[in-house]
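Convention: sequence-line order gives letters A, B, ...; per-chain numbering from 1.
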Number of protein chains: 2
Amino acid sequence: MVSIWGTVDPMSTRAEPETDERALDLAYDVLQARCPSRLTLEHVTGRWGTLIMLALYEGPVRFNELRRRVAGVSEKMLSQGLQALERDGFVAREVLSTMPPRVEYRLTDLGLETHRRLKELAVFLESRMPEVEAAQARYEAGGNA
Amino acid sequence: MVSIWGTVDPMSTRAEPETDERALDLAYDVLQARCPSRLTLEHVTGRWGTLIMLALYEGPVRFNELRRRVAGVSEKMLSQGLQALERDGFVAREVLSTMPPRVEYRLTDLGLETHRRLKELAVFLESRMPEVEAAQARYEAGGNA
DNA sequence: CAGTATCCGAGAGGATACTG
DNA sequence: CAGTATCCTCTCGGATACTG
């Protein structure tokens with residue numbers, strides 16, 4: 001049985017009803033286990049994905065400039081994260097054949113729209129951090145420490 | 001001298017707020033390595049955090065209903081994720097002393113506002129998935145497979 | 001500068017069993 | 001039902017070294 005999202009994944013332990021009912025539902029849904037949109041969401045919201053997306057603003061950015069912007073990221077994770085985002089079409093990568101070599105990353109249109117939404121989320125959360133920290137203090141004090 | 005984020009920093013001290021009003025420099029910033037907002041962002045955008053937040057809609061939801069909504073999540077990850085979100089003040093947990101036991105989770109005001117932004121992001125990404133999949137196909141075809 | 005390759009430990013995360 | 005506890009696996013991700 002093949003769903004609209006490809007072959008049956010052996011990792012899925014859930015007994016999925018093998019009806020073609022789902023084939024009628026062509027909408028992507030991140031809450032569905034094997035929907036491709038879930039993987040893309042993970043690239044954008046993963047541990048480094050969000051931070052890399054947030055660090056991509058104001059025109060092309062070079063690799064080491066990005067490293068500086070995303071404080072704490074390793075070369076490996078930045079490289080892997082950028083590859084995933086490029087693969088999904090959020091980021092465009094341009095190699096300039098200069099000496100020393102220079103590579104520039106910029107958001108695509110899709111990436112820019114995504115960036116705006118992530119930025120909104122980040123700014124919102126930052127603005128509410130006092131409330132979050134108050135909740136944390138209450139939680140610890142409440143015997144859940 | 002310790003900054004509010006725990007490192008050596010000649011600029012400010014959390015333990016001694018009366019030293020001076022550097023509050024302007026102390027805005028939360030997720031791109032800073034040890035800013036508390038980065039941890040909260042991770043809880044909200046981590047592998048399961050986003051999906052759990054998205055699955056919390058329309059009033060109180062019970063544990064196993066959430067498990068069903070977030071397809072593929074294990075009991076452990078759901079439990080841990082909900083704890084983190086409760087601790088940060090996004091989710092409220094209410095235990096009803098019935099038989100059998102019943103526990104209801106609902107979004108706080110903070111959680112609801114966060115949910116709206118995550119939902120926007122998810123819906124946006126879902127709507128653009130055809131574009132993403134086209135980009136993926138191009139990427140593989142371009143010798144980067 | 002801009003990466004890739006390799007090694008390795010820590011922790012994420014799944015399966016199972018058990019409790020109130 | 002709603003979890004927690006335990007065990008165990010596997011991936012993530014950091015450090016280091018190397019290439020163009």
By nearest atom, which of the nucleotides [options] is closest to the [X] side chain?
{"X": "B:P101", "options": "D:dT4, D:dC1, D:dG13", "answer": "D:dC1"}
{"X": "A:Y105", "options": "D:dG13, C:dG3, C:dG13", "answer": "C:dG3"}
{"X": "A:S79", "options": "D:dC1, C:dG14, C:dT4", "answer": "C:dT4"}
{"X": "B:W48", "options": "C:dA2, C:dG13, D:dA2", "answer": "C:dG13"}
{"X": "B:E75", "options": "D:dT4, D:dC1, C:dG14", "answer": "D:dT4"}
{"X": "A:Q83", "options": "C:dG3, C:dT4, C:dA2", "answer": "C:dT4"}
{"X": "A:K76", "options": "C:dG14, C:dC7, C:dA2", "answer": "C:dC7"}

Closer to the 5' end of DNA chain C via nearest nucleotide, is it A:V103 or B:P100? A:V103
Less than 3.5 Å apart, any donor N or O on the side chain of A:E133 or B:Y28 sitting next to an acceptor on the other? yes
Just how far, in rounded Å, is [atom2] of [N] from [atom1] of [X]?
{"X": "A:E86", "N": "C:dT4", "atom1": "CD", "atom2": "P", "answer": "10 Å"}
{"X": "A:E42", "N": "C:dA12", "atom1": "CD", "atom2": "P", "answer": "15 Å"}
{"X": "A:L96", "N": "C:dC1", "atom1": "CG", "atom2": "P", "answer": "15 Å"}

How many angstroms lie between atom OH of B:Y139 and atom CD of A:E86, to the nearest 0.5 angstrom? 5.0 Å
Interatomic distance, A:R128 atom CZ to A:F124 atom CZ [nearest 0.5 angstrom]: 4.5 Å
Go through A:L51 and B:L41 one step at a time and tell me if the side chain to side chain contact (heavy atoms under 4.5 Å, CB included) criterion holds. CA-CA 10 Å; A:L51 300 178; B:L41 182 72; 3.9 Å; yes
Which base sits across from C:dT16 as a Watson-Crick or G-U pair, both distances under 3.5 Å? D:dA5
Which base sits across from C:dG9 as a Watson-Crick or G-U pair, both distances under 3.5 Å? D:dC12
Does a nitrogen or oxygen in the side chain of A:R93 sit under 4.0 Å from OP1 or OP2 of C:dG3? yes
